[in-house]
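FYI, side chains are in, hydrogens and waters are out, and symmetry mates aren't considered; it's all heavy atoms of this structure.
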Amino acid sequence: MLSRIAESLFWIGRYVERADDTARLLDVHVQILLEDPWAEEDLACRSLLSVMDRPAPPDHVEVGREHVLDVLGYDRFSPSSIAGALVAARENARRAREIVSTELWECLNASWNQLPSQMRPARPHDYFTWVRERAAIVAGIVESTTSRDETWHFLVLGRAIERADMTARLLTTRALLGSAGPGWSTLLRSCGAHEAFLRTYRGTASDERAAGFLLLDRLFPRSIVYALNEAEASLTALEPVADRAGIDDARRHIGHVRSNLEYRPLLEVLDDLPREMELVQRACSAASDAIRARYFPSGAELTWVGEAL
């Protein structure tokens with residue numbers, strides 16, 4: 001497979017997942033601000049922008065949810081916003097048109113065409129719901145129509161790395177905002193994990209177990225450990241036979257942070273959750289850089305398409 005095609009597949013997986021997860025995070029954020037009249041909107045919005053690595057206005061300028069929605073929701077020119085991620089996913093699919101299935105291309109192209117115009121949607125929740133539905137359709141098409149070859153592994157690799165990174169960001173918002181932030185039940189619902197969590201723990205649910213479920217559960221697809229395991233599995237499958245006796249840099253970064261989470265007491269991880277989640281984000285970024293160096297050495301001219309958070 002040509003490196004430019006592999007790179008485009010990797011970033012399709014990342015960008016679609018980024019749009020999905022950003023929609024989930026913003027939906028929680030907006031809901032809290034609407035329901036809690038005592039919420040410190042400026043502080044909450046600045047914290048969210050910080051978690052998402054986006055610059056905030058100067059301190060003397062009050063930041064509200066409209067600004068956050070513009071920056072993280074509707075900006076078509078920023079790959080860290082929902083609209084920008086969907087635009088970039090479609091552009092990558094266009095570059096890999098000879099490999100991407102017709103169904104996947106039509107889905108991404110239709111999503112691009114249906115993006116809101118310059119006017120903001122009247123109901124952000126409806127926009128977030130639409131984004132999540134489009135991402136689910138993309139995931140279904142990939143799972144049901146793609147052979148489990150290099151094409152599938154690059155798509156899944158991008159999705160898994162982005163999912164681990166974004167789930168870490170979601171948990172960071174809870175840690176930084178404390179009681180003013182989303183509760184664990186709200187975070188579970190935003191990840192589609194609430195019912196799976198209740199079935200797993202039945203009548204013994206607790207905040208500690210909810211945190212552990214999103215961090216460490218080996219069976220739930222949106223937990224950090226599950227996503228890291230999925231990324232490792234795809235990297236292993238992509239390794240040439242001659243190289244399988246060693247561990248490449250990307251697998252080393254992912255395996256190290258996964259082991260650091262899995263083989264320590266949960267309470268020890270929760271005691272300093274922001275720092276632990278920062279380590280996950282750094283590992284995902286380092287793994288992405290290592291993947292780029294190994295598989296996409298000619299991708300320098302495409303950095304605007306493959307720009308990370």
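Side chain of T236 to backbone of E232: a donor-acceptor contact under 3.5 angstrom is found. Under a 3.5 Å cut-off, the side chain of R24 and the backbone N or O of S190 do form a donor-acceptor pair. Between the side chain of R169 and the main chain of V51, a donor-acceptor pair closer than 3.5 Å is present. Listed for the D20 side chain is no donor-acceptor partner under 3.5 Å among the backbone atoms of R132. Counting only distance, with no hydrogens or angles, the side chain of S111 and the backbone of C107 share a donor-acceptor pair below 3.5 Å. In this structure, the side chain of Y127 does not engage the main chain of Y74 through any donor-acceptor pair within 3.5 Å.
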Determine, step by step, whether L26 and L48 satisfy the side-chain contact (heavy atoms from CB on, under 4.5 Å) criterion, reporting the C-alpha distance in whole Å, the side-chain angles of both residues, the deciding distance to 0.1 Å, and the verdict. CA-CA 9 Å; L26 283 177; L48 180 59; 3.8 Å; yes
Verdict with supporting geometry, T22 and M166, side-chain contact (heavy atoms from CB on, under 4.5 Å): CA-CA 8 Å; T22 303; M166 293 297 287; 3.3 Å; yes
Apply side-chain contact (heavy atoms from CB on, under 4.5 Å) to residues W105 and I141 and explain how you reach the verdict. CA-CA 10 Å; W105 162 250; I141 291 173; over 6 Å; no
Starting from the C-alpha separation in whole Å, work towards a yes-or-no answer on salt bridge (charged side-chain N to carboxylate O under 4.0 Å, His left out) for R292 and D289. CA-CA 5 Å; R292 181 185 293 115; D289 290 342; 3.0 Å; yes
Pair E17-R222, salt bridge (charged side-chain N to carboxylate O under 4.0 Å, His left out): steps then yes or no: CA-CA 11 Å; E17 184 64 26; R222 287 194 171 275; 3.0 Å; yes
Does the pair I99 and L2 meet the rule for a side-chain contact (heavy atoms from CB on, under 4.5 Å), with working shown? CA-CA 10 Å; I99 294 292; L2 295 175; over 6 Å; no
Residue pair E7, R95: steps toward the salt bridge (charged side-chain N to carboxylate O under 4.0 Å, His left out) verdict: CA-CA 10 Å; E7 182 175 28; R95 290 171 180 267; over 6 Å; no
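The two residues V280 and A168 come nearest to each other via the heavy atoms CG1-CB, 3.9 Å. Nearest heavy-atom pair across A164 and C284 is CB-SG, 3.9 Å. Smallest separation of non-hydrogen atoms from R14 and S288: NH1-OG, 3.0 Å. Residues A250 and I291 share a closest heavy-atom pair of CB-CG1, 3.7 Å. In terms of heavy-atom proximity, A19 sits nearest to V131 at O-CG1, 3.5 Å. The heavy-atom pair separating D21 from R163 by the smallest distance is OD2-CA, 3.8 Å.
Within the 6.0 Å centre-distance limit, the rings of F10 and F296 are counted as a close aromatic pair.
Taken to the nearest 0.5 Å, the CG atom of L228 stands 9.5 Å off from the OG1 atom of T167. Of the inter-residue distances, the one linking L155 atom CG with T146 atom OG1 reads 6.0 Å to the nearest 0.5 angstrom. Residue R90 holds its CZ atom at 11.5 Å from CD1 of I12, rounded to the nearest 0.5 Å. Expressed to the nearest 0.5 Å, how far CG of L171 lies from SG of C191 amounts to 7.0 Å. The structure places CG of L86 at 12.0 Å from CG of N113, a figure rounded to the nearest 0.5 Å. Distance check: D70 CG to S78 OG gives 12.0 Å after rounding to the nearest 0.5 Å.
Using a 4.5 Å heavy-atom cutoff, the side chains of T173 and V28 are not in contact. At least one side-chain heavy atom of H29 sits under 4.5 Å from a side-chain heavy atom of C45. A heavy-atom distance below 4.5 Å is not found between the side chains of Q31 and H125. With contacts defined as side-chain heavy-atom distances shorter than 4.5 Å, the pair E91/V87 does not qualify. In this structure, the side chains of R18 and P79 come closer than 4.5 Å at one or more pairs of heavy atoms. Residues D249 and R294 are not in side-chain contact: their nearest non-hydrogen atoms beyond the backbone lie 4.5 Å or more apart. In this structure the side chain of N229 never reaches within 4.5 angstrom of the side chain of I254, judged on heavy atoms.
With sequence neighbours excluded, no residue forms a salt bridge (charged side-chain N to carboxylate O under 4.0 Å, His left out) with R134.
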Quiz: residues 266-278 side-chain donor-acceptor pairs under 3.5 angstrom, not counting sequence neighbours:
residue	atom	partner	partner atom	Å
E268	OE2	R264	NE	3.1
E268	OE2	R264	NH2	3.3
E276	OE1	N260	ND2	3.3
E276	OE1	R264	NH1	3.1
E276	OE2	R264	NH1	3.1
E276	OE2	R264	NH2	3.2
E278	OE2	R282	NE	3.3
E278	OE2	R282	NH2	2.6

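I161 and Y226 sit in two unconnected hydrophobic clusters of ILVMFWY residues. Membership requires side-chain heavy atoms under 4.5 Å apart, directly or through other members.
Within the structure, the ring-ring contact (aromatic ring centres under 6.0 Å, His included) test picks out the following pairs touching residues 182-214 (sequence neighbours left out): F197-Y201, F197-F213, F213-F220.
By the 6.0 Å contact criterion, CD on Q114 is enclosed, its count of non-hydrogen atoms from other residues, nucleotides or ligands being greater than 12. Sparse packing is recorded around CZ of R202, with 12 or fewer heavy atoms of other residues, nucleotides or ligands lying under 6.0 Å away.
The pair E98-R4 counts as a salt bridge, with a side-chain nitrogen and a carboxylate oxygen less than 4.0 angstrom apart.
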